[in-house]
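In what follows, a structure is listed as structure tokens, so that the remarks can point back to it.
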Amino acid sequence: MLDVNYVRENFDLVREKLATRNFDVALLEPFAQLDSERRALVRERDDLNATTNRVSKEIGNLMREGKRDEAEALKAQSKQASERAKEIEARLGGIEEDLRTVLTRVPNLPHESVPAGKDEAANTEARRWGMPRDFAAEGFEPKDHVDIATALGILDLERATKITGARFNVLSGLGAKLERALINFMLDLHTGEHGYREILPPLMVNEATLFGTGQLPKFEEDLFKVRFERDYYLIPTAEVPVTNLHRDEILNGADLPLSYTAYTPCFRSEAGSYGRDTRGLIRQHQFDKVELVKITKPEESFEALETLTGNAEKVLQLLGLHYRVVTLSTGDMGFSAAKTYDIEVWLPSQNTFREISSCSNCTDFQARRAQIRFKREGKNKTELAHTLNGSGLAVGRTWLAIIENYQQADGSVKVPEVLVPYVGVTEIR
RNA sequence: GGAGACAUGGCCGAGUGGCUUAAGGCGGCGGUUUGCUAAACCGUUGUAGGGUGUAAAGCCUUACCGAAGGUUCGAAUCCUUCUGUCUCCGCCA
């Protein structure tokens, strides 16, 4: 959510910036009217409440002095004020609801360093690490992960479809162990080398939590809703529960930045992507992810984004997987982000890079929704913190990237060296 | 699933309709005293909105005692619903 005062005072600039995000700026049209009406009504209501308070107090004093008749005479005056205040309160409620409807659906403002453009074509490549493996030189044609893993008996898509449906998968044997190895490897790296604290959060969250990180109210169709006494949703990413750890809190400035990492399964309905990535593990309704979250002071957040992205890249470097980092354009970024780097891993079967991590600085956008604030030492003012998150990494996609990039001519898969202690074997055959 | 108790500020805790602007204590912050520390004493203390102010400060004002409604001239206090916590019983990994 954007700052109301900022929107009021910089309306044209806000409009202009939002237009670069493919946001329909016509939706902002009612803002000025609603905002000024709200303030007028608040003022009127508060004045009436002040009258009610003053007269009621007077009534109390008169009663105590035994002047019953005088007290009775004042009641009408007080009653009238409080009734009018209630009427205005009702109107105000409607206005605030409308204003909220507008503001909660407006995306974050892009940072000035973000390339302007309407879609992924405007993304810019920030850097590239490693080289694609030269299969031609090795004299064989790389297969895709479905063929390799199915043949090895470590991936079973057919049975997953039977027991659940499309876009689910069963890993078995060393396939399951490789997944678990990756999770442990990533968590050990981030907690041991990068200074993150490990969190194991709930996988179902309430509406307020999803509002805090920006999934609700606008993107409900992307989520799995659970039937229960009240609405719960399966988390689409650990960013949701972990960022919300500090919802409605005022943190001590000296404790910032906070760095958390969490492994969780993630659940996404993938509404609107029915034809896309239907083969294999790329796009699943349930997948594992190790997430990185940082809560920082405002002046530190963009540097923290570089650090966080670097922490995610380190995983790929240690695994020896070729990748590139892309700065998303204004039109390609997610709702809450002010700046996003996607990390894309090389997939030989597709002869291209595919997203394996998305690292975003959400500035104060989520913090305002979730009321994550802090106080600087010796200061009385509360300030909104900045929140960041990034995959470190998407485990399922890392799994398939390893299968494809480490495949051998005989159909076996070499285990990357850093994973050998975790998997217990040097190759999967 | 059944029975009962409870929810007050950073923490403990008083407050059963108006003299509450939420007592008192602890903690925090500032100060006095002191060779230093401690103790003692004095002062101070939350969040959000609106108004005023060139800005900071300040000043005026509203709301907030788990949440949402209601009764009343007036609600922390009474009523309704919800949420959460605790205790006991049952069930359960």
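Here is how names work: the chains are called A, B, and so on, in the same order as the sequence lines, proteins then strands, and each is numbered from 1.
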Whole angstroms only, please: what is the [atom1]-[atom2] distance between [X] and [N]?
X	N	atom1	atom2	answer
A:Leu92	B:U62	CG	P	16 Å
A:Glu229	B:U81	CD	C1'	15 Å
A:Asp248	B:G66	CG	P	16 Å
A:Leu48	B:C60	CG	P	21 Å
A:Asp231	B:U83	CG	C1'	15 Å
A:Asn252	B:G28	CG	P	14 Å
A:Asn206	B:G84	CG	P	10 Å

Opposite nucleotide pairing with [N], Watson-Crick or G-U, both atom distances under 3.5 Å:
N	answer
B:G90	none
B:G69	B:C79
B:C64	B:G46
B:A57	none
B:A40	B:U32
B:C6	B:G84
B:U20	none

Relative to the 5' end of RNA chain B, which residue comes earlier, A:Arg54 or A:Arg64, by the nucleotide with the nearest heavy atom?
A:Arg64
Which whole number of Å gives the distance between the [atom1] atom of [N] and that of [M]?
N	M	atom1	answer
B:C60	B:U45	P	13 Å
B:G15	B:U8	P	14 Å
B:A7	B:U77	P	12 Å
B:A57	B:U47	P	13 Å
B:G9	B:A67	P	10 Å
B:C6	B:A76	C1'	15 Å
B:G10	B:A23	P	14 Å
B:G30	B:A39	P	15 Å

Evaluate A:Arg84 against A:Glu44 for salt bridge (charged side-chain N to carboxylate O under 4.0 Å, His left out), listing each step before the verdict.
CA-CA 10 Å; A:Arg84 281 211 58 206; A:Glu44 205 176 335; 3.1 Å; yes
Give me the one residue out of A:Thr261, A:Thr191, A:Asn311 that meets side chain to side chain donor-acceptor pair (under 3.5 Å) with A:Tyr196.
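Going through A:Thr261, A:Thr191, A:Asn311 one by one, the side chain to side chain donor-acceptor pair (under 3.5 Å) with A:Tyr196 is satisfied by A:Asn311 alone.
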Distance from A:Asp119 atom CG to A:Thr330 atom OG1, nearest 0.5 Å?
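Here the rounded value is 9.5 Å.
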If you round to the nearest 0.5 Å, how far is CD of A:Gln284 from SG of A:Cys266?
12.5 Å
Protein-proximity profile, nucleotides 47-53 of chain B, B/S/- by nucleotide at the 4.0 Å heavy-atom cutoff, equals SSBSS--
Side chains of [X] and [Y]: is there a donor and an acceptor less than 3.5 Å apart?
X	Y	answer
A:Glu291	A:Tyr260	no
A:Ser358	A:Asp342	yes
A:Asn206	A:Thr209	yes

Can you name the nearest heavy-atom pair linking [X] to [Y], along with the distance?
X	Y	answer
A:Phe23	A:Pro107	CD1-CD, 3.4 Å
A:His246	A:Leu258	NE2-CD1, 3.4 Å
A:Met333	A:Pro110	CE-CB, 3.7 Å

A:His111 side-chain N/O to A:Ser113 backbone N/O, donor-acceptor pair under 3.5 Å
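Between the backbone of A:Ser113 and the side chain of A:His111 there is a qualifying donor-acceptor contact (under 3.5 Å).
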When you compare the protein's N or O atoms with those of nucleotides 69-75 of chain B, which come within less than 3.5 Å of each other, and at what distance?
| from | atom 1 | to | atom 2 | distance (Å) |
| --- | --- | --- | --- | --- |
| B:C73 | OP2 | A:Lys79 | NZ | 2.9 |
| B:C73 | O2' | A:Ser56 | OG | 3.1 |
| B:C73 | O2' | A:Ser78 | OG | 2.0 |
| B:G74 | OP1 | A:Ser82 | OG | 3.2 |
| B:G74 | O4' | A:Ser56 | OG | 3.1 |

